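For reference, the structure discussed in these notes is given below.
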Number of protein chains: 2
Amino acid sequence: MSIRTAIIDDNHFLIKSLQEKLSLFPDITISFTANDGLQCMDKLNQDPQVDLMLMDLEMPVKNGIEATAAVKQRCPDLKVIILTVFDDDENIFNAIQAGADGYLLKETGAHELHNAMVQTLNGGAIMTPSIALKALNLLRSPLAPTVAHMEESVQLSNREVEVLEQLSTGIPYTAIAEKLFISPFTVRKHIENIYKKLQVNSKVMAIEKAKRNGLI
Amino acid sequence: MSIRTAIIDDNHFLIKSLQEKLSLFPDITISFTANDGLQCMDKLNQDPQVDLMLMDLEMPVKNGIEATAAVKQRCPDLKVIILTVFDDDENIFNAIQAGADGYLLKETGAHELHNAMVQTLNGGAIMTPSIALKALNLLRSPLAPTVAHMEESVQLSNREVEVLEQLSTGIPYTAIAEKLFISPFTVRKHIENIYKKLQVNSKVMAIEKAKRNGLI
DNA sequence: GTTTCAATAGGGCATATGCCCTATTTTAGA
DNA sequence: TCTAAAATAGGGCATATGCCCTATTGAAAC
């Protein structure tokens, strides 16, 4: 099965170069090329025989983000891979919001590009590693503004960590004692020591602080 | 420069298999292996000569998500790649939140794995295409569906959430009562109701469950 | 070889917590 | 408007917890 591909880029030279790159692969046929988002939609309306689109971001008249959104609106199953030199958070985020199925930098090699196209058509998504990292960070950021403050890296003994681990499950001292095969008195002693080290004075605070500091 | 690697998996056979896979590459040395998150932290505390960690998700004692969060807290520069058979949204989301730098399925081939490790150490991120797609989808709809599983979407009243928030700071009932300008008896009544709704019977469990379900 | 320290075990006591009970007022929905 | 739910307030009781005390053992440090 051939991958019917469209290339959207305002730089004629780059389109030419891409066509040459892709001509190495017999399973890829170029359906059409376009120089901006509007032209892209025109051609798409005339000839819908397209499986995948390689989309530039910076284009006149209608940029890659808008074009992607429009294409996805018309043909939700048509895969769109962004192919650009821009790797800033905002472009990445907007492209993904617009429905892009992949995001590659233009430095991507021929075989890597081909592989990305195949993977995308198989229902996956491909990103340049540096883009993937930014995508992950975007996914983290809305909910995780915390970056680690770690006052002075408190050092707990192995045994104390074990006790703390059990403590964090919410079971009472007596149950912890049974699990660790020690007396409840010893458990309480360990917990006292833990509290002193962590500078807290309750279960909840100890658990919270331990989690923040990566102790458990 | 050698990539000093740690492998965390509760399946001894899989660790063995991974070690063999990686032995093909002279630039990779295995620093240590561990069978669960706790063991991992123990060994990490003893021998910090690690650049990258391959982390399973399902493990006893302390799963891969918790372990990743703990490792990242302790050593933020240590790269963690999740290597698992689970590809559900919740695991992916939680792993990323925990700070994972990559997410691969166990079916990943030797050269692909090696490439992912190198890319990750070079400051990128690598995901199996199917995982990348799900990550993109999570990024598209960050708030809509279900971040956590939410057994029956427990509904707490406004007041109960207020009480729960105070409870999570670790202060005693009496202090909560003062902060909310109500009697300690009322605080205790609210907490009883909260426990019933959340199906728990202690402070620590209530706080943990509330956090998991995004109630606080 | 002695000292220091972590892990163990024990006890006492005041307060906090979890769970049972009733009851009034306020709010919101049918 | 009437009613159901939520918020409020109160009490009792067994257990858990936080914090004080001492003491033995084994292992590491000096």
Side-chain angles (χ1 to χ4, degrees), chain A residues 152-213 215-216, chain B residues 38-39 41-48 61 152-216:
Chain A
E152 357 79 43
S153 189
V154 191
Q155 194 59 44
L156 295 188
S157 73
N158 290 345
R159 201 54 163 172
E160 284 164 348
V161 172
E162 282 176 39
V163 172
L164 198 48
E165 186 73 29
Q166 293 300 322
L167 196 70
S168 73
T169 65
I171 63 178
Y173 290 174
T174 49
I176 296 175
E178 282 173 26
K179 281 205 173 189
L180 298 182
F181 307 108
I182 56 181
S183 103
F185 299 105
T186 307
V187 172
R188 292 172 67 172
K189 170 50 83 187
H190 283 308
I191 291 175
E192 282 182 36
N193 292 333
I194 292 168
Y195 287 3
K196 272 178 195 157
K197 285 186 180 178
L198 296 184
Q199 295 274 290
V200 299
N201 61 349
S202 80
K203 254 194 202 184
V204 175
M205 287 175 177
I207 294 168
E208 199 200 335
K209 195 150 190 174
K211 282 187 176 168
R212 274 201 291 109
N213 288 21
L215 295 169
I216 56 174
Chain B
L38 269 184
Q39 217 181 89
M41 292 311 289
D42 281 349
K43 298 200 177 180
L44 189 62
N45 284 333
Q46 291 164 24
D47 173 31
V61 188
E152 302 122 46
S153 187
V154 190
Q155 195 59 44
L156 295 188
S157 71
N158 291 343
R159 203 51 165 176
E160 284 164 348
V161 172
E162 282 177 36
V163 172
L164 198 49
E165 280 169 356
Q166 293 300 321
L167 196 70
S168 73
T169 65
I171 62 178
Y173 290 174
T174 48
I176 297 176
E178 282 174 26
K179 280 204 173 189
L180 298 183
F181 306 108
I182 56 181
S183 103
F185 300 103
T186 307
V187 172
R188 292 172 66 173
K189 169 51 82 187
H190 283 308
I191 291 176
E192 282 182 36
N193 292 334
I194 292 168
Y195 286 3
K196 275 180 193 155
K197 286 187 180 178
L198 295 184
Q199 296 273 291
V200 298
N201 61 349
S202 80
K203 255 194 199 183
V204 174
M205 287 176 177
I207 293 168
E208 199 200 335
K209 196 150 189 172
K211 282 184 176 169
R212 273 201 292 107
N213 288 23
L215 294 169
I216 55 175

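The sequence lines fix the lettering, A, B, ..., with proteins before strands; numbering per chain opens at 1. Since we're looking at a predicted model, the values are computed, not measured.
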Should [X] be listed as having a side-chain N or O under 4.0 Å from OP1 or OP2 of [N]?
| X | N | result |
| --- | --- | --- |
| B:T186 | D:dG10 | no |
| B:K189 | D:dA9 | no |
| A:S202 | C:dA16 | no |
| A:Y195 | D:dG18 | yes |
| B:T174 | C:dT15 | no |

From the set [options], return the single nucleotide nearest to any side-chain atom of [X].
| X | options | result |
| --- | --- | --- |
| A:I182 | C:dT8, D:dA7, D:dA9 | C:dT8 |
| A:S183 | C:dA9, D:dG18, C:dG18 | C:dA9 |
| A:F185 | C:dA9, C:dC13, C:dA16 | C:dA9 |
| B:E192 | C:dA9, C:dC19, D:dT17 | C:dC19 |

Rounding to a whole Å, what distance do you find between [X]:[atom1] and [N]:[atom2]?
| X | N | atom1 | atom2 | value |
| --- | --- | --- | --- | --- |
| B:N201 | D:dA16 | CG | C1' | 12 Å |
| A:K203 | D:dC19 | NZ | C1' | 16 Å |
| A:Y173 | C:dA9 | OH | P | 17 Å |
| A:R159 | D:dA28 | CZ | C1' | 18 Å |
| A:N193 | D:dC19 | CG | P | 12 Å |
| A:R188 | D:dT22 | CZ | P | 17 Å |
| A:I171 | C:dG18 | CD1 | C1' | 17 Å |
| B:Q166 | D:dA7 | CD | P | 15 Å |

Quiz item: Minimum heavy-atom separation for B:S202 to A:G170, with atom names?
Solution: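 Nearest pair, atom of B:S202 first, then A:G170: OG-O, 3.5 Å.
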
Practice problem: Indicate the atoms forming the closest heavy-atom contact of B:P184 with B:A177, along with that distance. | Solution: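 That would be N-CB, 3.5 Å.
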
Practice problem: Decide yes or no for B:L180 and B:R159: does some side-chain heavy atom of the first lie under 4.5 Å from some side-chain heavy atom of the second? | Solution: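 They are in contact (side-chain heavy atoms under 4.5 Å apart), so the answer is yes.
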
Self-check item: Positive for salt bridge (charged side-chain N to carboxylate O under 4.0 Å, His left out) with B:E160, one of B:K197, B:K196, B:K189
Solution: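 One option only clears the test, and that one is B:K197.
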
Quiz item: Mapping A:P172 and B:S157 to their closest nucleotides on DNA chain D, which lands nearer the 5' end?
Solution: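 Counting from the 5' end, the first nearest nucleotide belongs to B:S157.
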
Practice problem: Could you grab the distance from atom NE2 of B:H190 to atom CD of B:Q166, nearest 0.5 Å is fine? | Solution: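 The CD atom of B:Q166 is 12.5 Å from NE2 of B:H190, to the nearest 0.5 Å.
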
